[in-house]
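Treat the numbers as computed from the prediction; the structure is a model and nothing was measured. Below, chain A is the first sequence line, B the second, and so on; all start at residue 1. The basis for the numbers below is simple: all heavy atoms, side chains too, and nothing from hydrogens, waters or symmetry mates.
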2 protein chains.
Amino acid sequence: MSNCEQCIVRQFSALKALNKDELVKLAACKTSHIIKKGAPLFEEGESVNGIYCVTSGVCKMSKLSSNGKDQIVKLIKAGELIGQRSLISDEPANLTAVALEDMEVCFIPKSEVLSLFDANNQFSMNLMKTVCGDLKETSDHMVSISQKTVKERLAETLIYLEETFGKNEDGSLHIQLSREELAGMVSTATESCIRLLSDFNKLGLIELHGKKITIIDSNKLKRIAD
Amino acid sequence: MSNCEQCIVRQFSALKALNKDELVKLAACKTSHIIKKGAPLFEEGESVNGIYCVTSGVCKMSKLSSNGKDQIVKLIKAGELIGQRSLISDEPANLTAVALEDMEVCFIPKSEVLSLFDANNQFSMNLMKTVCGDLKETSDHMVSISQKTVKERLAETLIYLEETFGKNEDGSLHIQLSREELAGMVSTATESCIRLLSDFNKLGLIELHGKKITIIDSNKLKRIAD
DNA sequence: AATTTTATATGATTAATGTCAGCTTTTTTA
DNA sequence: TAAAAAAGCTGACATTAATCATATAAAATT
C-alpha cells in the first residue's frame with residue numbers, strides 16, 4: 001500500500017484539498033491497480049462504487065450507440081479522477097472507460113469519498129468545479145458537433161491532442177489513437193477521418209508515418225478549426 | 001419582498017435542503033423579476049454573479065455559433081435554477097438564457113449561494129447532483145446528435161417536449177416553440193425541421209395547426225426515436 | 001384596414017458525409 | 001516465420017441534409 005502524501009498527481013485533482021490526516025486515511029482504504037491497454041475500468045451500466053484516481057496513462061470515456069459506433073465523450077489523463085459523476089448522482093456509469101495505454105490507477109471507495117465530502121468543504125468545492133468544467137466542455141463539444149464540419153472538427157481535435165497530451169521528441173503526437181478512435185472523437189466515419197487526414201497530409205498541415213501523426217502547421221490547422 | 005418559506009417551487013431544486021433560518025435570510029437578500037417573453041436573463045460571456053430560481057415560465061439556454069445558428073443546449077422550467085455552473089466555476093456565462101414565455105424569477109446573489117454552500121452540506125450535495133444530472137443529459141444529447149438522424153432526433157425532441165412540459169386540454173404540446181427554435185433543439189436547419197414535421201403530419205404521427213403541434217401516435221414516434 | 005415584416009412551407013439543387021467494396025499494409029497469432 | 005486477422009487506405013456511389021429560391025400565411029406595424 002503506497003503513500004498518498006507523496007503522490008504527485010494528487011495536486012491536479014480535487015484531492016489537493018486533503019490534509020495530512022485525511023491523506024493517511026485515504027492511503028489506508030485505497031487500492032492500486034494496473035489496467036492494461038485496451039482493458040475497461042468499467043462499462044456503461046455498471047455500478048462503480050467509488051472513484052478512480054489516474055496515476056499514469058490515458059483512458060477514453062465513450063458510449064456505444066445502437067449503430068455500433070463508439071462515440072468518445074472525453075479523454076482522461078494522469079491526475080484526473082474518473083467516476084465522480086455517477087458516484088454523486090448515485091447511478092450506474094453512463095459511459096465506458098477503456099485504457100488507451102497501460103494505466104496505474106487508485107480506487108477510492110464511495111464511502112470514503114462521501115465522508116471527505118462531508119468533512120472537507122474545499123474538497124467538495126473542488127469536485128464540484130471539476131464537474132462544472134466537464135459540463136462546460138461537453139456543452140461546447142455538443143455545439144461543435146452540431147455546427148462545425150468534419151474537417152473543422154478534425155483540425156480542432158488534432159490541436160486538442162497536441163495541447164493536452166504533448167508531443168514526442170520527434171514532434172509527433174504523444175497520444176496514439178487508432179483511426180477508428182480518432183473518428184470516434186471527431187464524430188465521423190472512420191473512412192472520412194482517414195480521408196481528411198490524408199488531405200491534411202497532402203496540404204502539408206500534418207505528416208503521417210503509420211500511427212504517428214505530426215502536426216506541421218498548427219496555425220493553419222487552428223484557422224481551419226476556427 | 002415575498003417569502004421563500006411559502007414558495008412551492010423551492011421543493012424542486014437544491015434549495016429544498018434549506019432550513020427556516022436560511023430561508024428567512026434568503027428572502028431578505030433575493031430579488032424578484034419579471035422577464036418578458038423573448039427577453040434575455042443573461043447572455044454568453046456576461047458575468048452573472050448569482051443564480052436565478054425560476055418561479056414560473058420556461059427559458060432556453062443556447063449558444064450562438066459562428067454561422068449564426070442558435071443551438072439550444074437545454075430548456076429550463078419552473079423550479080429549476082439557472083447559472084449554477086458559471087457561479088461554481090467562477091466564470092462568465094457559457095450560454096445565453098432567453099425566456100420562451102413570460103417568466104418570474106428570483107435572483108440570489110453569489111455571496112449568499114456560497115455561504116449556503118459552506119454552511120449546508122445537503123444543499124451543496126443537491127446542487128452537485130443537479131450539475132451531475134446536467135452533465136449526463138448533455139453527454140447523452142451529444143451522442144444523440146452525433147449518432148442519430150435528424151428524423152430520429154426530431155421524434156425524440158417531440159416526445160421530450162410532451163413528457164417534460166405536458167399538453168394543453170386540446171392535446172397539443174403546452175410549450176410553443178418556433179420552427180427555428182425546434183430546429184435549434186434538434187440541431188438541424190429550419191427547413192429540414194419543417195419538412196420532417198410535415199412528413200410526420202402526413203404519416204399521421206402528429207397534427208399541425210399553426211404553431212400548435214399535437215402528438216397523435218407517441219408509440220410510433222418513440223419507435224422512430226429508438 | 002393596408003402594408004410591411006416575419007414565419008412557415010415546399011421544390012430544386014448542391015454539398016457534405018456515410019456506406020460499400022476492394023486492396024495494401026501492419027499487427028497478431030499460430 | 002508463415003498465416004491470419006485487423007487496421008489503414010482509396011475509389012465509387014448513395015444518402016442525408018443543407019442551401020437557395022420562391023410562395024404562402026401569419027403577425028406586427030403604420
Side-chain angles (χ1 to χ4, degrees), chain A residues 36-39 65-71 98 100-101 143-158 172-173 176-203 206-214 224-226, chain B residues 36-38 65-71 100 143-158 172-173 176-203 206-214 224 226:
Chain A
K36 282 278 164 193
K37 177 175 177 173
S65 72
S66 45
N67 59 32
K69 282 196 187 156
D70 207 37
Q71 166 71 41
V98 170
L100 287 175
E101 314 168 340
V143 175
S144 162
I145 290 175
S146 70
Q147 308 288 358
K148 290 188 175 177
T149 63
V150 174
K151 190 199 273 190
E152 289 166 342
R153 274 158 23 218
L154 176 60
E156 188 173 70
T157 303
L158 292 172
S172 63
L173 292 185
Q176 296 239 340
L177 298 171
S178 69
R179 299 298 191 250
E180 192 178 357
E181 284 166 336
L182 188 55
M185 288 197 70
V186 174
S187 299
T188 188
T190 307
E191 295 93 328
S192 301
C193 177
I194 289 173
R195 229 181 288 274
L196 285 167
L197 281 176
S198 167
D199 289 351
F200 285 172
N201 186 14
K202 279 169 200 152
L203 289 168
I206 62 173
E207 258 177 31
L208 301 171
H209 292 104
K211 248 194 179 47
K212 274 185 195 295
I213 300 176
T214 309
I224 290 175
D226 261 356
Chain B
K36 284 278 164 194
K37 178 175 175 174
S65 73
S66 45
N67 59 30
K69 282 196 187 157
D70 205 38
Q71 166 71 41
L100 288 175
V143 174
S144 163
I145 289 175
S146 70
Q147 306 289 356
K148 290 187 175 177
T149 63
V150 174
K151 188 199 274 189
E152 289 167 341
R153 279 168 5 228
L154 176 60
E156 188 172 72
T157 303
L158 292 172
S172 63
L173 292 185
Q176 295 237 343
L177 298 171
S178 68
R179 300 295 192 255
E180 193 178 356
E181 284 167 335
L182 188 54
M185 288 197 70
V186 174
S187 299
T188 187
T190 307
E191 295 94 323
S192 302
C193 177
I194 289 173
R195 228 182 287 276
L196 284 167
L197 281 176
S198 167
D199 289 351
F200 284 173
N201 186 14
K202 279 170 198 148
L203 290 168
I206 63 175
E207 257 176 30
L208 301 171
H209 293 104
K211 248 193 179 48
K212 274 185 195 294
I213 300 176
T214 309
I224 290 173
D226 261 358

Between A/S178 and A/K211 the two heavy atoms that sit nearest each other are CA-CE, 4.0 Å
Side chains of A/L100 and A/K37, heavy atoms from C-beta outward: is any pair under 4.5 Å?
no
Nearest non-hydrogen partners of A/V98 and A/G38, listed with the distance
CG1-O, 3.5 Å
Rounding to 0.5 Å, atoms NZ (A/K69) and CD (A/E180) come to a distance of 9.5 Å
Please identify the 5'-most and 3'-most nucleotides of DNA chain D with any atom under 4.0 angstrom from a heavy atom of chain B.
D/dA17 to D/dC20
Which atom pair, heavy atoms only, marks the closest approach of B/T190 to B/A183?
CA-CB, 3.7 Å
I'd like to check A/M185 versus A/L177 (side-chain heavy atoms, cut-off strictly below 4.5 Å). Are they in contact?
yes
Grab the two heavy atoms, one from B/L197 and one from B/L208, that are nearest each other, plus how far apart they are.
O-CD1, 3.9 Å
Considering residues, nucleotides and ligands other than A/E152, do more than 12 of their heavy atoms fall under 6.0 Å from its CD?
yes
Starting at atom CD1 of B/I213, determine the distance to atom P of C/dA7, rounded to an integer number of angstrom.
16 Å
5'-most contact on DNA chain C (nearest-nucleotide basis), A/C193 vs A/G210, goes to A/C193
Between A/R179 (side chain only) and A/I194 (backbone N and O only), is there a donor and an acceptor less than 3.5 Å apart?
no
Does any part of the side chain of A/T149, heavy atoms only, come nearer than 4.5 Å to the side chain of A/L154, both counted from C-beta?
no
With a 4.0 Å heavy-atom cut-off, tell me which residues in residues 177-191 of chain A come close to DNA chain C, sorted by residue number.
A/T188, A/A189, A/E191
Inter-end axis angle, the helix from C/dA1-D/dT30 to C/dA30-D/dT1, with every axis fitted to five base pairs (rounded, 10 degrees)
50°
Going by the rule side chain to side chain donor-acceptor pair (under 3.5 Å), which residues pair with A/E156 if we only count those two or more places apart in sequence or in a different chain?
A/S144, A/K148
Within a strict 4.5 Å, meaning less than it, do heavy atoms of the A/F200 and A/I224 side chains meet?
yes
Non-hydrogen atoms of A/I206 and A/L158 that approach each other most closely
CG2-CD1, 4.2 Å
When you measure from every atom of DNA chain D, which of residues 143-155 of chain B have a heavy atom less than 4.0 Å away?
B/T149, B/V150
Closest contact, heavy atoms only, A/Q147 versus B/Q71:
NE2-CB, 3.5 Å
Just wondering, do B/T188 and B/L196 contact through their side chains at under 4.5 Å, heavy atoms?
no
How close or far is atom P of C/dT17 from atom NZ of A/K69, stated in whole angstroms?
13 Å
Would you jot down, in residue-number order, the residues of residues 194-202 of chain A having a non-hydrogen atom under 4.0 Å from DNA chain D?
A/I194, A/R195, A/S198
